[in-house]
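Read through the structure below, which is laid out as structure tokens, and then see the notes.
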Protein chains: 2
Amino acid sequence: MTKKYVYSFNEGEKSMKSLLGGKGANLAEMTRIGLPVPPGITITTEACNAYFKNDGNFPENLEEQIQEKLSWLQEKTKKDFGSKENPLLVSVRSGAAISMPGMMDTILNLGLNDNTVEGLALNTNDRRFALDCYRRFIAMFSDVVLGIENARFERILEDIKEKNEIELDYQLTPDMLEKLIEEYKQLVKRETRKEFPQEPVEQLTMAVRAVFDSWNNQRARVYRRINKIPDDMGTAVNIQAMVFGNMGNDSGTGVAFTRNPSTGTRGVYGEYLINAQGEDVVAGIRTPQPIKKLADDMPKIYEQLNDICATLEAHYQDMQDIEFTIEREKLYLLQTRTGKRTAAAAIKIAVDMANEGIITQEEAILRIDPYSIDQLLHPMLDPDAELDVVAKGLPASPGAASGKVVFDPNEAERMADEGNKVILVRMETTPDDIHGIVASRGVLTSRGGMTSHAAVVARGMGKPCVSGCDQIKIDFSAQQFSVGETVVKKGDTITINGSTGDVILGEVPLIAPELSDEFKTLLSWADNFRPLGVRANADTPADAKKAREFGAKGIGLCRTEHMFMATDRLPIVQKMILSENEEERKQYLEKLLPMQQEDFYEILKVMEGYPVTIRLLDPPLHEFLPNVEELIIEITSMKYTGAPQEEIREKEKLLKQVKALSESNPMLGHRGCRLGITFPEIYAMQARAIFQAVSQLVQEGYKVRPEIEIPLVMHVKELAQLRELVIEIANEIKKETGTDFNYTIGTMIEVPRACATAGEIASEADFFSFGTNDLTQTTLGFSRDDAEGKFLQEYIDKQILNSNPFITLDRAGVGRLMEMAVAKGRSTREDLLVGICGEHGGDPDSIEFCHSIGLDFVSCSPYRVPIARLAAAQAALK
Amino acid sequence: MTKKYVYSFNEGEKSMKSLLGGKGANLAEMTRIGLPVPPGITITTEACNAYFKNDGNFPENLEEQIQEKLSWLQEKTKKDFGSKENPLLVSVRSGAAISMPGMMDTILNLGLNDNTVEGLALNTNDRRFALDCYRRFIAMFSDVVLGIENARFERILEDIKEKNEIELDYQLTPDMLEKLIEEYKQLVKRETRKEFPQEPVEQLTMAVRAVFDSWNNQRARVYRRINKIPDDMGTAVNIQAMVFGNMGNDSGTGVAFTRNPSTGTRGVYGEYLINAQGEDVVAGIRTPQPIKKLADDMPKIYEQLNDICATLEAHYQDMQDIEFTIEREKLYLLQTRTGKRTAAAAIKIAVDMANEGIITQEEAILRIDPYSIDQLLHPMLDPDAELDVVAKGLPASPGAASGKVVFDPNEAERMADEGNKVILVRMETTPDDIHGIVASRGVLTSRGGMTSHAAVVARGMGKPCVSGCDQIKIDFSAQQFSVGETVVKKGDTITINGSTGDVILGEVPLIAPELSDEFKTLLSWADNFRPLGVRANADTPADAKKAREFGAKGIGLCRTEHMFMATDRLPIVQKMILSENEEERKQYLEKLLPMQQEDFYEILKVMEGYPVTIRLLDPPLHEFLPNVEELIIEITSMKYTGAPQEEIREKEKLLKQVKALSESNPMLGHRGCRLGITFPEIYAMQARAIFQAVSQLVQEGYKVRPEIEIPLVMHVKELAQLRELVIEIANEIKKETGTDFNYTIGTMIEVPRACATAGEIASEADFFSFGTNDLTQTTLGFSRDDAEGKFLQEYIDKQILNSNPFITLDRAGVGRLMEMAVAKGRSTREDLLVGICGEHGGDPDSIEFCHSIGLDFVSCSPYRVPIARLAAAQAALK
């Protein structure tokens, strides 16, 4: 039995996405529910996969099946492929199961040749139009199928326009177009040593093959990698009868959203161009009209479009993004899909739809990509800042960013690698620019609308974008842009506000965003569905306050070393470290004690009622000391400049001390609880500072819940000895102050040995908290500092790793060890509290895993708390 | 019912060691089989533990039980405690279940007081003897029980001898002794504000308490830590009727071994002193006579001793170490125990006894401590070297060592910590010197015999020792020793030969030892009992040859980086690393190719017939480059000395390159297979070199078994990609050379992720080899370089770790991950070959673990191969 590789639109429906691709399945669905869709057929993704398995040859029977369906299409349209009288023209479009905008290639007007162009001219009674279609087809086909760059055809076009002293395309006369076509064909012949293919079936076969091949072009592969789409899904090919939006002023083409994709506001939203083909809108070459204007231009069509949008939204139960073409006052739908939207819009749409009864609260929660809401939690422009606004474009992707101007995507990548914040400024962007957008803080384009490539991609990445800002004139060769008198050069800093479209000179202070009412509503729904607690990592009272505002129910990690770094403390800390004996060290520790006590007092107070996990000193001591290299340069210089011997000796002594403390692998060195074991007086001081603060607060009537955390434990005895030390000090302070207070003592789990011996460790621990940054480093044997700068990207490029394991938890490796630790720990102590406080605690994919292995809480930076609340609820609902 | 805390010697037997201690159980056993043992009683180890549990108070009923048994003892000896007429005198000795020589305190002549001393004088008809006993008792009791240093009594003795112008102790007259006793008692009164206890029962109670307390003195705790003896075993106390070796020239005391403890030769071996008490021999204050001389002095006693030795050896089925006393021509046994012996003697005795039919081959194998045979595998003095022998002492512990002379044990430790080899030189050693002996390569003493403290301890540790070398005069204050004209100062280098007793000036070249016939026999027996294979780690043909000689059946780890370090190659390697592109790099790699090929050719040839695991390049590349610090000093200097700008720029460029390659945690950085992934051309060159060598050897008729090993794999895809690369090259070379050959491809398992995902990794691996050095570092989060220099010792001192995890495998942590990896790996691939090639592969305890989790082989340095063969057999037999 032969596999069915080709379906007509009448044969499919929306559930068949993985076979027909998203576009094909939705075209079939719209056909099925009676919407005006030009007839067409879809070649399945299975055919694509079979093609690759078959070393780039069509699988058996595919050609025949295409022929058969083509016959059906000819009957349906009453047109014939290759007919001079009534030629069938088709578009050929790719369509994978998962939408990959701009990634795959499209060919329009296929079927045109020297013969059929005359038929089209005859039928449309517009020879100029037919010739224009033909020359577009040749250029597009040659670019996509034959690999001849479009720019070369553009150059020929520009030459002809110049020779004939005309400026705009539509001013081309039929004669000029004929000339143009001739020259296009000659170019093709020069390049391919063959005539431009005249036979429509041959054109079609070549086009299908090109669509298949485009599944593996570099842009597509990069997109799949970024979006974690498997390589073996394949793409379908949609072959659809052409309708023409470029048949004059009663024609047009556009895109529409059933709700506003930026804000989520109800009502059809979109753009259109009169007398244009579809690609013109998306490519952003001409700046289109807002859809409301269609009400004036073609009120009937506008009404019909509104009805269709309502139908589609009800049918799909989600906001739709549609493409339409008007051919001589008749509306056709060419695509519908679930519309991409900003995170803000996504939240508003989901909450509105749940309130409207279209979807449930659970569905509303599951609709929001927790990764996307990060952009809502990014800092915004300080409203009190004075803004030097030089230009205004379209508010294409919300949020604000400052950075150095750069005009080239490669340059953007380079500068970002060197640690610069950059803003990519382009006339318009194409899929080839993606790496530059990835590297930039934001994008500014001088052309293109809200649905231009730059806008769509930036929104997807949660980066601000201002598009269509035609006030700015870009001079690529001079590496600058100008707005009137103002000139902005490469490297100058600008700020863009993607929520307003403002382009501002210089850097603008950013402030924390406010959560919208819908966002708060959604999060409160989410809280009802999640068993996983959400805490924040916070080292300062300000962070702790922000965390509470964002809904954190406690602090999961309060690092104490940042407190040591404050400028007024560092000199004391350094003296403490360089002390030659315990007595001297204790003297400096005593000076630090009241400072630390004050820190803890404030943080515990802000978090009243909630637990606060305070981690005792963790980093290697030499992190607090001067840099070895600088000291060496200084000493060598002193020797040549005749500095006093005494001073040199002093410096040399310091150097010796610093070097004695420096380590070959500091990450695995004398740090964490190893400091507590070898210098118990340091941990004793910290414990004293904590408990004195606690006792003070208790006396003032606050209810505080300190959790003392011992870092980097690898053996139960480390914890046992330090636990004893902490308990002893707590008892001392209870006695000294006459107050009573509760506290718990637990440990970070951040080396594999702690996971392997979690059963033993749990016997001394009230809680575990996974320090997955270090645990990832030790489990993989990857130093983050060294890996991220050097080989990690190559590991992702070569598909050894799917993602950066320091961002998304490595479930197969680190995850297994965590699972083991939870099981062993709870088998010793059933009520063991287990959380995570590594960066992964704010990563949705990692949160899902944490939920699945039964953690009690995740802890992340305050700004990621809302993400964690949402992701935790989704994990529970999934 | 009350617990029985006190046993008479008639009530016990040798199997009751844990209750009665080793000494007590054996005294009971000897009593039981009718040997002449002075009667006595034993207080159990349970009493000791109860004492500690009871906060240092005697447990209920203990006092009464002692009294009861004392009555029995009085009846048995027909003497009375405290009787002026016929006083009972006893020795009080500790005795734990495991022998702890010199660690616990002993008291002789207990029961003497102002009254009973007269009875002793009367009974022995020797007032001088009685008074001498009394003054010794006061000093000993005061030192051990009352904590008054023995030196203070010595000083009084010296004063009196000076005043009376006599030199030797035995010249003291009764009057002088009476004066001495008076002054001793006054010293005690001054120090304790109490009279010296006169009541024998009080003396006994105090002594028992002191023995108990000595279980927890520092020396004992250190000994237990070093020897891994649990702290809660407790010690028994033996109270035995005194016999006197110091009753004149028809009395004496000595120690004897049933075979020679240095060589294993059959026949009684030992030393004795005429007219002396037991402690005099062991303490090494007087140099004793060899036991053979007893045949002349007291032929009957000599014969009786020989008979008893034969009886004991047959009874215990092992070589015995006995203590005896002759009181007026009557022989008494005071102790027997299994004798400590050198590793060479242990092997000879075991093999001899197995051949004599006394024990089985299995028992012979199990008798040898595999840790101890390390000393036989240590290099010996080169017989061709010219030796500047300055003195000769006793060959107290075999082997040879060179090092800097040091006179103080603390200094020895300090100097060793700074990386020096040291030889500890002392008049005699005491248990307080142990840390100094641990730190030294060997020990030289000017006093003491073959059974002196220094000799026993050094033999136990497998270090060479020359004792009783009275030719050397030590001047501690000048920190030097002299032999005639020759003066050797602290820090000068000497060599000692513990097998001959030679003391040699300067450093002497050492050579590899030969295995004795008995050793070879034992190892051949061992090979029959072990399923675990033994391979060697060898990077050079010479090492490979040595490994084969020692019985290695293949190479488990051939590192390729050492080959890169050779002086003629390093410049090429550096250029290769600093190449700016792949093409340039390939050019230098091509130069390295023939060199590597030659290396592999030789090693594979030497190991013909056996597998050779060749690990591809592992260390971070910057290890091959110049030192950053030196470069900085050089550049800064150049700037001040006006070096040409161009040269400075050149150096600065180099510095920049080196810094770009330097890493914050190189152990977790860009190394191992990460190099292979990012610079496939390096691994490709190595694979080519290996297979070209293989093909050459195959053509020459050799049978070679290369195993290509990919290091530091953490993800199956790393292995998959590099496996593909290696296979491709193998196929190329098969084609190029027209030869066929077999090879396998596997991986090191050295990061926890590899253990956690071993099931996946096994799908691409023919073998696993645990790199437990790195695996320990990553599992514990311990950088070996940083830990060993800094906090590791403190971790052991504070009993967090029992031993250095880089020497003995951490079973609870690293071991669990290994077990997981073996199980997962074999579940994917049943025939997966699994070995270990970390340093642990030569550690007996770790080998036992490797056997228990079912590894196929261990691989260790060539010199440890015999240890591994033995340990592997023991693991199987246990």
Side-chain angles (χ1 to χ4, degrees), chain A residues 620 628-629 632-633 635-637 639-641 663-670 672 674-675 677-678 712 714-718 720-721 750-757 760 774 777-787 789-791 794-795 798-801 810 812-817 820, chain B residues 620 628-629 632-633 635-637 639-641 661 663-670 672 674-675 677-678 712 714-715 717-718 720-721 750-757 760 774 777-787 789-791 794-795 798-801 810 812-817 820:
Chain A
V628 169
E629 236 174 68
I632 291 176
I633 293 174
I635 290 167
T636 313
S637 299
K639 285 182 181 164
Y640 283 97
T641 52
E663 300 183 295
S664 34
N665 297 288
M667 230 270 311
L668 307 180
H670 195 178
R674 297 162 198 172
L675 295 173
I677 295 289
T678 51
L712 213 70
M714 62 104 202
H715 197 294
V716 61
K717 286 189 188 165
E718 293 172 315
Q721 291 186 10
E750 43 189 341
V751 298
R753 196 184 190 282
C755 298
T757 64
E760 289 92 320
D774 273 335
Q777 296 196 93
T778 46
T779 302
L780 275 63
F782 259 37
S783 161
R784 182 172 189 173
D785 287 347
D786 300 314
K790 296 191 172 157
F791 49 90
E794 203 156 341
Y795 262 59
K798 291 194 169 164
Q799 310 200 340
I800 293 170
L801 295 173
D810 159 40
V814 177
R816 279 187 207 168
L817 293 180
M820 184 201 296
Chain B
V628 169
E629 236 174 66
I632 290 176
I633 292 174
I635 291 167
T636 313
S637 299
K639 286 182 180 164
Y640 284 97
T641 53
L661 277 170
E663 299 182 297
S664 35
N665 297 288
M667 230 271 309
L668 307 180
H670 195 179
R674 296 161 201 174
L675 295 173
I677 295 290
T678 51
L712 213 71
M714 60 105 203
H715 198 295
K717 286 188 190 167
E718 291 172 314
Q721 290 186 10
E750 46 190 340
V751 300
R753 194 183 193 282
C755 297
T757 63
E760 289 91 321
D774 274 336
Q777 297 197 91
T778 46
T779 301
L780 275 64
F782 259 38
S783 160
R784 181 171 191 174
D785 287 346
D786 300 315
K790 296 191 172 157
F791 51 89
E794 203 157 340
Y795 262 59
K798 292 194 169 162
Q799 308 198 342
I800 292 170
L801 294 174
D810 159 40
V814 178
R816 278 188 206 165
L817 293 181
M820 184 202 295

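In what follows, chains carry the letters A, B, and so on, assigned in the order in which the sequence lines appear, proteins first and then strands, with residues in each chain numbered from 1.
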Where on B:L661 is there a heavy atom nearer than 4.5 Å to chain A: the side chain, the backbone, both, or neither? backbone
Under 4.5 Å heavy-atom distance to chain A, tell me which part of B:H670 shows up: side chain, backbone, both or neither. both
Below 4.5 Å, heavy-atom pairs only: which of B:A812, B:S637, B:G672 has the largest tally toward chain A? B:S637
Heavy-atom pairs under 4.5 Å with chain A: which of B:V628, B:I633, B:V814 has the most? B:I633
Within this structure, what is the CG-CD distance for the pair A:L668 and A:E663, rounded to the nearest 0.5 Å? 9.0 Å
Is B:E794 close to chain A through its backbone or its side chain, or both, or neither, when contacts mean heavy atoms under 4.5 Å? side chain
Residues forming a side-chain contact (heavy atoms from CB on, under 4.5 Å) with A:Q799, sequence neighbours excluded: A:D231
Hey, which of B:V751, B:L712, B:T779 is the one that makes side-chain contact (heavy atoms from CB on, under 4.5 Å) with B:D774? B:L712
Examine whether an atom of A:L817 lies under 4.5 Å from a heavy atom of chain B, and if so say whether it belongs to the side chain, the backbone or both; otherwise answer neither. side chain
Spacing of CZ belonging to A:R674 relative to CZ belonging to B:F782, to within rounding of 0.5 Å: 4.5 Å
Could you give the distance from CE (A:M667) to CG (A:D786), rounded to the nearest 0.5 Å? 9.5 Å
Do you know which of B:Q777, B:K717, B:M820 has the most heavy-atom pairs with chain A at a distance under 4.5 angstrom? B:K717
Residue list, side-chain contact (heavy atoms from CB on, under 4.5 Å) with B:E760, at least two apart or on another chain: A:R816, B:V716, B:T757
Counting only heavy atoms closer than 4.5 Å, note whether B:I635 contacts chain A via side chain, backbone, both or neither. neither
Measuring only between side-chain heavy atoms, which start at C-beta, is B:L675 closer than 4.5 Å to A:F791? no
Greatest number of heavy atom pairs closer than 4.5 Å to chain B - which of A:C755, A:A754, A:A756, A:G815: A:A756
Is chain A contacted by the side chain of B:I800, its backbone, both, or neither, given a heavy-atom distance below 4.5 Å? both
Distance-minimising heavy-atom pair for B:K798 and A:T678: NZ-CA, 4.5 Å
Non-hydrogen atoms of chain A under 4.5 Å away: do they reach the side chain of B:E750, the backbone, both or neither? neither
